[in-house]
Amino acid sequence: MNKNRLEQLDSLRGLASLSVFAHHMWMITPVLPLVFSYSPFRIFVYGHAAVILFFILSGFVLSLPFLNNKQGSYYGYILKRFFRIYIPYIVSLAIAITLSVSLHRDGINSLSDWFNQFWSKGLDIDIIKEHILLITNIHTDAYNTVVWSLIHEMRISIIFPIIMFAVIRYKWSTNLLLCLLLSSIGAMNDVFDFEVRNGHYTSIFDTVHYTSFFITGALLAKYKENLARAYHKLNKIHKWALLTTAMIFYSYSRIVEVVIHQPFNHIITEYGIAFGSIIVVIMALSSNAFTNFLMRKPIIFIGKISYSLYLYHFVILLSSINLFYGKLPIVLIYVLSFITTIVVSVLGYYFIEDPSAKLGRKVSQKINLYQLKNKTSVKKGA
């Protein structure tokens with residue numbers, strides 16, 4: 001097992017963030033649809049699959065302190081998550097709202113309907129309140145569509161210690177049955193419409209379903225040594241077959257939604273994506289060739305700024321198009337958007353994200369030390 005495995009997973013998250021960026025460009029102007037819909041190039045523009053991978057990676061990373069018995073207090077844990085996710089998010093939200101009000105052109109007919117649904121809400125106080133709370137059923141078409149995954153990250157972070165109780169106490173088969181149960185509960189909303197979604201998969205039932213992928217990530221962390229040993233026992237042909245299987249499930253599971261016309265078919269699709277993602281994570285932890293690729297400096301760099309890249313890319317993309325569409329070729333606008341996103345993501349990482357995460361760790365440590373001292377004092381008094 002490589003000691004730098006967390007850097008490898010950060011790199012994987014960075015590549016997934018780039019995939020989401022490419023997906024949004026493709027959704028705005030779906031050029032060469034046959035190439036990106038049906039060829040192996042689909043992996044580069046399948047943004048929803050990248051988010052499922054995000055959830056699995058989050059489950060993996062969040063579980064490590066619990067598995068190593070270094071989780072500290074709940075208050076310290078939740079504050080660390082708050083500073084890690086929410087503070088950078090709220091800054092990006094303020095920027096997104098400002099730019100949407102300043103630059104929106106009331107739609108561009110020659111671009112996709114998907115593009116034209118965004119930034120039409122203006123300064124809607126109720127919708128802004130939704131976004132500030134983050135864990136509510138948010139209108140994700142208002143300012144920044146990526147908020148839909150952050151809703152689940154925050155909701156599941158709140159209950160993650162309970163999840164880890166099940167992961168640590170029970171064997172993998174019991175936890176996988178729990179995953180199926182949670183997804184079945186989530187599917188009930190697709191059948192009976194208990195809760196109407198204001199945005200893209202933003203209901204509580206969706207969170208119940210997506211909790212299963214956090215559990216999956218935690219199980220990967222729990223059994224990572226066993227999985228690495230099993231991978232190393234495979235011969236070269238079997239390893240290539242495993243990689244091919246991962247790519248097929250990750251890229252083409254959506255065919256289920258075409259073949260099976262049921263309200264809950266997206267859940268089946270996402271389990272296929274998750275299966276492919278699991279193999280990718282195992283290979284990132286176990287394959288020397290894949291590890292060496294993920295540990296290249298440019299990819300590590302993208303991994304480092306991946307959260308900021310995820311937060312800002314869509315806002316910059318919409319801003320660039322509203323500013324320059326009709327004045328510059330769309331390809332040049334995309335190039336300009338990419339360069340600007342990288343610059344803004346670097347600034348966001350060094351001036352907002354990293355300081356916020358460090359402050360969260362400091363606050364968490366102080367809370368943990370304070371509670372430890374109190375416990376010690378109570379024991380001595382007893």
Side-chain angles (χ1 to χ4, degrees), residues 1-28 31-32 35-36 39-58 60-61 84-85 88 92 146 149 217 239-240 243 246-247 250-251 276-277 279-317 319-320 330-358:
M1 184 66 58
N2 194 300
K3 292 180 181 179
N4 295 320
R5 61 183 177 271
L6 292 182
E7 276 194 308
Q8 294 164 254
L9 297 187
D10 284 342
S11 294
L12 204 56
R13 192 185 297 272
L15 293 176
S17 294
L18 288 178
S19 172
V20 174
F21 193 173
H23 168 76
H24 288 149
M25 287 191 288
W26 181 61
M27 288 292 291
I28 292 168
V31 293
L32 302 176
V35 171
F36 288 114
S39 78
F41 291 106
R42 176 175 173 77
I43 193 172
F44 298 116
V45 297
Y46 199 1
H48 191 75
V51 174
I52 302 302
L53 177 57
F54 288 157
F55 291 155
I56 291 172
L57 290 172
S58 291
F60 186 105
V61 173
R84 176 72 183 90
I85 295 176
S92 72
V146 305
S149 68
K239 288 176 180 177
W240 276 106
L243 176 60
M247 294 301 99
Y250 184 90
S251 299
S277 298
I279 297 173
V280 170
V281 172
I282 292 170
M283 293 186 71
L285 298 172
S286 311
S287 166
N288 290 331
F290 196 21
T291 295
N292 291 337
F293 171 73
L294 292 173
M295 296 302 291
R296 292 176 183 273
K297 287 184 179 179
I299 299 177
I300 290 175
F301 169 74
I302 293 296
K304 181 181 287 189
I305 65 169
S306 60
Y307 183 42
S308 291
L309 193 155
Y310 186 69
L311 284 176
Y312 290 105
H313 78 272
F314 189 69
V315 176
I316 291 169
L317 197 54
S319 298
S320 300
I330 190 66
V331 173
L332 190 56
I333 293 173
Y334 284 158
V335 171
L336 181 64
S337 298
F338 179 76
I339 294 170
T340 306
T341 296
I342 296 298
V343 172
V344 171
S345 299
V346 170
L347 295 173
Y349 173 78
Y350 283 107
F351 290 102
I352 301 166
E353 183 187 342
D354 190 46
S356 179
K358 286 177 179 175

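Values below: every heavy atom of this structure, side chains too, minus hydrogens, waters and symmetry copies. Treat the numbers as computed from the prediction; the structure is a model and nothing was measured. The chain is numbered in sequence order, starting from 1.
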Using the test side-chain contact (heavy atoms from CB on, under 4.5 Å), find all partners of [X] that sit at least two apart in sequence or belong to another chain.
| X | result |
| --- | --- |
| S306 | R13, S17 |
| Y349 | K304, I305, S308, E353, D354 |
| I333 | S320, I321, F324, Y325, L328, I330, S337 |
| S277 | L53, I56, Y250, I273 |

Close side-chain approach of [X] and [Y], heavy atoms under 4.5 Å:
| X | Y | value |
| --- | --- | --- |
| L285 | F60 | yes |
| S92 | V315 | no |
| L18 | F44 | no |
| L317 | F21 | yes |
| F338 | T341 | no |
| L15 | I302 | no |

Give the minimum heavy-atom separation between [X] and [Y], together with the two atoms involved.
| X | Y | answer |
| --- | --- | --- |
| M283 | F290 | C-CD2, 3.6 Å |
| A284 | L9 | CB-CD2, 4.3 Å |
| I300 | L294 | CG1-O, 3.7 Å |
| V344 | Y312 | CG1-CG, 3.8 Å |
| R84 | A357 | CD-CB, 4.0 Å |
| M25 | Y334 | O-OH, 3.0 Å |

With rounding to the nearest 0.5 angstrom, report the [atom1] to [atom2] distance, [X] to [Y].
| X | Y | atom1 | atom2 | answer |
| --- | --- | --- | --- | --- |
| H24 | I28 | NE2 | CD1 | 8.0 Å |
| F293 | S287 | CZ | OG | 11.5 Å |
| I279 | S286 | CD1 | OG | 12.0 Å |

Inset, instruction - For I342 and L309, run side-chain contact (heavy atoms from CB on, under 4.5 Å): C-alpha distance rounded to whole Å, both residues' side-chain angles, the deciding distance at 0.1 Å, then the answer. - result: CA-CA 7 Å; I342 296 298; L309 193 155; 4.0 Å; yes
Legend entry - Geometric class of the Y310/F54 ring pair [parallel <30°, tilted 30-60°, perpendicular >60°]: perpendicular
Inset, instruction - Determine yes or no for a side-chain-to-main-chain donor-acceptor pair under 3.5 angstrom, with Y46 supplying the side chain and S19 the backbone. - result: no
Inset, instruction - Output all residues satisfying ring-ring contact (aromatic ring centres under 6.0 Å, His included) with H23, sequence neighbours left out; order by chain, then residue number. - result: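 Counting only residues at least two positions away or on another chain, H23 forms no ring-ring contact (aromatic ring centres under 6.0 Å, His included).
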Legend entry - Partners meeting ring-ring contact (aromatic ring centres under 6.0 Å, His included) with F55 (sequence neighbours left out):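 Listed in chain order: Y210, F214.
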